[in-house]
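Numbering starts at 1 and runs along the sequence shown.
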Amino acid sequence: MTSADHIPPPARSALEVWLRHHDERVPGFVEGLYLIGSIALGNWRAESDIDIVAVSGRVADTNDVDALRAVNEAINAEVPGPDIDGPFVTWADLARPPTAAVRPWTLHREFHHDADCFELNPAIWQTLSRHGIAVRGPSPSELDIHVDHRALRSFISENTSGYWRSIPPSIDAALADPERVEFSAGITSWSVLGIGRMLYTARTGEVTSKSDAGRWLIGELPHHRDLITHALRVRDLGECQPDGRETARATAAFVTEVADLIEAETS
């Protein structure tokens with residue numbers, strides 16, 4: 001597991017700015033700051049976001065929310081990237097099942113204050129518990145974090161039937177244009193490795209990085225070796241040549257097949 005001493009320098013610099021602005025404008029509010037996502041799972045890339053969970057001793061009130069929104073604007077003005085995404089929760093929130101609570105959160109440099117934060121889910125709680133990195137605050141191993149394997153499986157099933165089932169039709173719609181010959185290799189990699197992570201969790205009960213999921217997938221689905229290897233190459237080496245129609249079609253078929261497998265595992 002990556003430790004705080006091995007946070008990539010660009011991420012460390014961005015986090016220092018993040019903390020400085022919050023401490024100056026909302027003093028005492030951020031009592032804990034934890035890294036999850038690709039940094040915590042040892043799979044961060046220069047183009048990756050920085051996924052966080054910020055923790056406070058109190059639920060943000062109107063004044064806090066206004067200040068946090070101003071802080072986000074100040075950080076965006078000073079740090080062009082990488083993006084720092086995630087929710088602001090309380091210590092008590094961590095001890096309860098993650099729900100659609102009204103909490104502040106940021107995504108793609110935009111500040112929100114509502115109950116639509118995807119990062120409040122059982123997979124994030126488990127990632128924080130098992131792999132989280134403390135930038136500020138006690139080690140995650142010392143925290144009371146609610147981990148529920150049954151809820152995690154339910155979340156995987158719902159995420160698959162909702163978000164991931166929508167991917168093949170969107171690819172098919174693009175393929176319906178006979179003049180379109182190029183497709184984003186990044187979308188291929190995101191789709192193959194992203195739903196691969198869902199299958200890994202459904203079968204093992206654990207969370208893993210996109211790259212580790214890809215390497216695991218080759219053993220589980222060897223008939224898709226070429227597509228998975230391509231997705232890994234795009235992820236790990238940053239290859240960005242456009243994909244052709246055949247790869248797009250194979251990606252849609254792969255996502256459908258894996259979604260079927262996940263639903264069989266979690267039914």
Judged by modelled atom types alone, do [X] and [Y] share a side-chain donor-acceptor pair under 3.5 Å?
| X | Y | result |
| --- | --- | --- |
| T188 | D243 | yes |
| S209 | S211 | no |
| R235 | N43 | yes |

Shortest non-hydrogen contact between [X] and [Y], atoms and distance:
| X | Y | result |
| --- | --- | --- |
| P8 | I39 | CD-CG2, 4.3 Å |
| P122 | A151 | CG-O, 3.8 Å |
| G132 | A40 | CA-CB, 4.5 Å |
| C117 | P87 | SG-CB, 3.9 Å |
| A14 | I50 | CB-CD1, 4.0 Å |
| I195 | A259 | CD1-N, 3.8 Å |

Expected output: side-chain [X] to main-chain [Y] donor-acceptor under 3.5 Å:
| X | Y | value |
| --- | --- | --- |
| W125 | P97 | no |
| S56 | F29 | yes |
| S13 | P9 | yes |
| S189 | G186 | no |
| T201 | R197 | yes |
| D148 | R150 | yes |
| H22 | W18 | yes |
| R109 | P80 | yes |

Measure the [atom1]-[atom2] distance between [X] and [Y] for me, rounded to the nearest 0.5 Å.
| X | Y | atom1 | atom2 | answer |
| --- | --- | --- | --- | --- |
| E265 | D260 | CD | CG | 12.0 Å |
| Y200 | T208 | OH | OG1 | 5.0 Å |
| E257 | H224 | CD | NE2 | 3.5 Å |
| I124 | D51 | CD1 | CG | 7.0 Å |
| M198 | I156 | CE | CD1 | 4.0 Å |
| E220 | R215 | CD | CZ | 15.0 Å |

Same apolar cluster: [X] and [Y], side chain cutoff 4.5 Å:
| X | Y | value |
| --- | --- | --- |
| I228 | I262 | yes |
| L128 | L35 | no |
| Y34 | L19 | no |
| V55 | V59 | no |
| W190 | L41 | no |

Between T160 and E263, is the side-chain contact (heavy atoms from CB on, under 4.5 Å) condition met? List the steps. CA-CA 8 Å; T160 297; E263 291 181 354; 4.3 Å; yes

If the threshold is 4.0 Å, N to carboxylate O, is there a salt bridge linking [X] and [Y]?
| X | Y | value |
| --- | --- | --- |
| D236 | R45 | yes |
| R136 | D23 | yes |
| R153 | E158 | no |
| R130 | E206 | yes |
| R245 | E182 | no |

For the residue pair F155 and F118, does the interplanar ring angle fall in the parallel (under 30°), tilted (30 to 60°) or perpendicular (over 60°) class? tilted

Verdict with reasoning, T90 to R58, per side-chain contact (heavy atoms from CB on, under 4.5 Å): CA-CA 6 Å; T90 67; R58 66 179 188 269; 5.7 Å; no

Pick one: which of I133, I52, I84 meets side-chain contact (heavy atoms from CB on, under 4.5 Å) with L33? I52

Under the salt bridge (charged side-chain N to carboxylate O under 4.0 Å, His left out) test, residues paired with R25 that sit two or more places apart: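 R25: no salt bridge (charged side-chain N to carboxylate O under 4.0 Å, His left out) contacts found.
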
Going through the checks in order, is the side-chain contact (heavy atoms from CB on, under 4.5 Å) test met by L221 and L261? CA-CA 11 Å; L221 304 173; L261 294 172; 3.9 Å; yes

Would you please name every residue forming a side chain to side chain contact (heavy atoms under 4.5 Å, CB included) with I187, sequence neighbours left out? S184, S191

Pairing residues for W105 by the ring-ring contact (aromatic ring centres under 6.0 Å, His included) criterion, not counting sequence neighbours: H112

List in chain and number order the residues that pass side chain to side chain donor-acceptor pair (under 3.5 Å) with R20, two or more places apart in sequence or in another chain; answer none if no residue qualifies.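 R20 satisfies side chain to side chain donor-acceptor pair (under 3.5 Å) with E78 once adjacent residues are dropped.
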
With D85, which residues qualify under side chain to side chain donor-acceptor pair (under 3.5 Å), at least two apart? none

Are [X] and [Y] close enough that some pair of their side-chain heavy atoms sits under 4.5 Å apart?
| X | Y | answer |
| --- | --- | --- |
| Q126 | H149 | yes |
| E110 | N72 | no |
| D144 | L94 | no |

Under the salt bridge (Lys or Arg N to Asp or Glu O under 4.0 Å) rule, what do R249 and D172 come out as? Steps first, then yes or no, please. CA-CA 7 Å; R249 193 174 294 109; D172 290 342; over 6 Å; no

Any salt bridge (Lys or Arg N to Asp or Glu O under 4.0 Å) involving residues 86-102? Give me the pairs, sequence neighbours left out, ordered by first then second residue.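 As it turns out, the salt bridge (Lys or Arg N to Asp or Glu O under 4.0 Å) pairs with a partner in residues 86-102, which skip direct neighbours, are D93-R96, D93-R103.
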
Start with the C-alpha distance between H223 and F254, add both sets of side-chain angles, then the distance that settles ring-ring contact (aromatic ring centres under 6.0 Å, His included), and finish with yes or no. CA-CA 10 Å; H223 54 295; F254 177 89; 8.4 Å; no

For E24, does the CD atom sit with more than 12 other heavy atoms under 6.0 Å from it, leaving out its own atoms? yes

Start with the C-alpha gap between T247 and T251, add the side-chain angles, then the distance that decides, and say whether side-chain contact (heavy atoms from CB on, under 4.5 Å) holds. CA-CA 6 Å; T247 301; T251 299; 4.2 Å; yes

